[in-house]
Chemist: 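One structure, as structure tokens, below. Some questions next.
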Amino acid sequence: MSTTPEHPGPSALAPATIVVSAGRPARAQGGHINPSVPMNSTYVSRGVVTPDELSYARGDNDAWHPFEEALAALECGGGEPGEALVFSSGMAAVAAVFALVPDGGTLVLPRHAYQAGMVLARQVSERHGVTLRYVDIADTDAVVAALAGADLLLVESPTNPMLEVADLPAVLGAARAAGVRSVVDNTFATPLGQQPLQHGADVVLHSVTKYLAGHSDVVLGALVTRDAELAATLREHRTLHGAIAGPFEVWLALRGLRTLALRFERAQASAAELVRRLAEHPEVAEVRHPSLPGDPGHERAKAQMNGFGAIIGVRPKARAGAADPVGRADAVVDAVRLWLPATSLGGVESMLERRRRWGTEAETVPEDLLRLSVGIEDVEDLWADLDQALRAS
């Protein structure tokens with residue numbers, strides 16, 4: 001069969017193009033433009049098994065490769081090549097990262113971060129004698145001070161659900177100088193919003209369930225690194241702990257990734273408009289979003305991010321004579337008709353929830369804080385529903 005020239009390499013393409021072009025089959029006359037879904041638990045294999053050979057699908061699986069190729073191209077941008085590893089869930093990826101901390105070691109982590117990850121960190125601490133140092137990730141001096149003698153720094157930026165923004169070049173540079181491995185959860189920002197590897201991160205973490213897959217129909221996670229030795233360690237953890245993804249789920253994630261640039265652009269633009277209106281709403285006490293000029297993370301996000309993301313924090317204003325801010329926040333959730341009351345984020349549909357309804361959420365998160373994940377619906381419809389819910393609750 002005749003073949004056509006390959007498309008330009010990732011380093012020559014914009015991220016919005018990479019999401020569409022990366023992870024495609026080789027171009028051949030009459031060939032497929034999309035990867036197939038190979039359904040194999042094992043492969044034909046004889047003799048001594050080599051690391052680069054497909055032999056058993058728990059160790060490596062060609063169903064994962066197109067998505068991993070695309071994600072690595074996105075996170076590494078025009079820099080050095082890297083490797084992406086898909087996991088069965090975001091928490092499986094978090095577990096692989098925490099396994100990098102030796103027994104009796106020290107983990108530096110944000111005081112506000114994904115609550116299930118924080119629960120796991122406490123379990124790791126109890127079972128393996130790991131010291132946990134919690135920091136305000138936006139306080140660069142505090143982060144740098146906490147790195148002394150540490151083994152791993154976990155960064156979320158913006159944080160979940162408080163939307164604090166870390167100075168990525170500063171804290172990641174300090175970690176590297178101190179010989180501390182660093183991991184950045186890039187779920188909120190996506191590779192289109194920031195590329196932490198370019199700022200010195202050792203590993204980038206994703207809940208693929210969220211923006212990357214984008215349709216609230218799969219549960220997956222991923223890690224990306226430029227360090228080949230570290231990639232081998234993480235891959236071994238995935239293999240031995242069985243934290244592997246199903247072929248069809250990964251195929252769906254790749255299909256979702258194709259529209260990431262369009263979805264994220266629309267969601268960010270709608271979020272910025274909703275934030276502007278919410279900041280002036282008579283029934284709103286506080287709005288958190290880095291797009292607001294007065295937000296603590298505004299200048300930092302403006303300098304290091306491409307856009308401000310599509311997650312919003314809102315606290316409804318207390319009603320006169322009402323002493324239950326939690327009840328007021330819950331009433332807003334009950335009153336929406338278009339927004340979905342749900343705990344996830346990053347899908348095409350807009351969602352909201354009161355975060356402290358989770359008993360494992362950090363106690364420093366306000367009990368009446370609503371986390372809003374803006375989807376791709378018409379912004380006027382989203383606003384009309386929020387406005388009526390705030391006035392009716």
Side-chain angles (χ1 to χ4, degrees), residues 9-11 13-16 18-19 21-23 60-61 63-100 114 117 152-157 166 168-169 171-172 175-176 181-214 218-239 243-245 249-250 253-254 256-258 260-261 264 304-306 346:
S11 62
L13 302 174
I18 292 173
V19 297
S21 65
D60 195 10
N61 191 323
W64 305 334
H65 296 171
F67 176 81
E68 291 177 332
E69 175 190 326
L71 181 56
L74 277 171
E75 281 293 0
C76 294
E80 300 174 6
E83 182 172 353
L85 298 168
V86 67
F87 284 76
S88 55
S89 68
M91 282 303 300
V94 172
V97 163
F98 286 171
L100 297 173
Y114 178 51
L152 185 72
L153 167 66
L154 175 66
V155 178
E156 271 195 19
S157 183
L168 290 181
V171 300
L172 297 176
R176 188 167 291 273
R181 277 181 173 154
S182 59
V183 179
V184 177
D185 187 332
N186 206 26
T187 299
F188 273 24
T190 84
L192 302 184
Q194 63 190 14
Q195 296 171 329
L197 293 176
Q198 310 286 43
H199 296 301
D202 292 303
V203 182
V204 171
L205 164 70
H206 282 282
S207 172
V208 177
T209 307
K210 312 304 193 296
Y211 286 107
L212 299 185
V218 298
V219 175
L220 294 171
L223 298 173
V224 188
T225 181
R226 287 185 175 143
D227 185 324
E229 184 177 344
L230 185 53
T233 298
L234 295 168
R235 190 184 310 109
E236 181 181 54
H237 176 98
R238 179 179 69 178
T239 299
I244 62 169
E249 287 82 356
V250 181
L254 180 62
L257 190 70
R258 299 303 187 204
L260 173 62
F264 200 56
Q304 69 188 27
M305 294 179 68
N306 180 24

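Note that the coordinates shown come from a computational prediction; the quantities given were computed from them, not determined experimentally.
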Chemist: Can you tell me if Gln304 uses its side chain to pair, donor with acceptor, with the backbone of His199 under 3.5 Å?
Modeler: no
Chemist: Picking from Leu154, Val204, Val155, Leu172, what satisfies side chain to side chain contact (heavy atoms under 4.5 Å, CB included) with Ser182?
Modeler: Leu172
Chemist: Kindly indicate, with the supporting measurements, whether the criterion side-chain contact (heavy atoms from CB on, under 4.5 Å) is fulfilled by Leu234 and Leu230.
Modeler: CA-CA 6 Å; Leu234 295 168; Leu230 185 53; 4.2 Å; yes
Chemist: Can you tell me how far CG of Asp60 sits from CD1 of Ile244, rounded to the nearest 0.5 angstrom?
Modeler: 10.5 Å
Chemist: Should Val208 and Phe67 count as side-chain neighbours, where that means a heavy-atom distance under 4.5 Å?
Modeler: yes
Chemist: Going from CG on Leu220 to CD on Glu249, what distance comes out if it is rounded to the nearest 0.5 angstrom?
Modeler: 6.5 Å
Chemist: Taking NZ, NE, NH1 and NH2 as the nitrogens, is one of them in Glu83 or Arg238 under 4.0 Å from a carboxylate oxygen of the other?
Modeler: no
Chemist: Does some side-chain heavy atom of Glu156 sit less than 4.5 Å from a side-chain heavy atom of Phe188?
Modeler: no
Chemist: Can you name the nearest heavy-atom pair linking Pro81 to Cys76, along with the distance?
Modeler: C-SG, 4.1 Å
Chemist: Calculate, to the nearest 0.5 Å, the distance between atoms CG and CD belonging to Asn186 and Gln195 respectively.
Modeler: 8.5 Å
Chemist: Might you work through the side-chain contact (heavy atoms from CB on, under 4.5 Å) test for Val203 and Asp227, ending with a clear yes or no?
Modeler: CA-CA 8 Å; Val203 182; Asp227 185 324; over 6 Å; no
Chemist: Might you point out which heavy atoms bring Pro191 and Leu71 nearest each other, and give the distance in Å?
Modeler: CG-CD1, 4.2 Å
Chemist: Between atom CG of Leu100 and atom NE2 of His237, what is the distance when rounded to the nearest 0.5 Å?
Modeler: 9.0 Å
Chemist: Does Thr225 reach the side chain of Leu85, with side-chain heavy atoms less than 4.5 Å apart?
Modeler: no
Chemist: Compare every heavy atom of Ala22 with every heavy atom of Ala73, then report the nearest pair and how far apart it is.
Modeler: CB-CB, 4.4 Å
Chemist: If you look at every heavy atom in Ala166 and Ser157, which pair is closest and at what distance?
Modeler: N-OG, 2.9 Å
Chemist: Scan side-chain atoms only and decide if Glu75 and His206 contain a donor-acceptor pair under the 3.5 Å cut-off.
Modeler: yes
Chemist: Return the minimal non-hydrogen interatomic distance between Val94 and Gly117, and the atom names on each side.
Modeler: CG1-CA, 4.4 Å
Chemist: If you compare all heavy atoms of Leu74 against all heavy atoms of Pro15, which two are closest, and at what distance to 0.1 Å?
Modeler: CD2-O, 3.7 Å
Chemist: Strictly distance-based, threshold 3.5 Å: is any side-chain N or O of Ser207 a donor or acceptor partner for the main-chain N or O of Gly90?
Modeler: no
Chemist: So do Thr209 and Ser89 actually touch side chain to side chain, heavy atoms under 4.5 Å?
Modeler: no
Chemist: Could you check whether any side-chain N or O of Trp64 sits under 3.5 Å from a backbone N or O of Ala245, counting only pairs where one atom can act as donor and the other as acceptor?
Modeler: yes
Chemist: Rounded to the nearest 0.5 Å, what's the gap from CZ on Phe98 to CG on Leu152? Could you check?
Modeler: 7.5 Å
Chemist: Could you tell me the separation between the CD atom of Glu68 and the CG atom of Asn61, rounded to the nearest 0.5 Å?
Modeler: 9.0 Å
Chemist: Can you tell me if Thr187 and Asp185 form a side-chain donor-acceptor pair at under 3.5 Å?
Modeler: yes
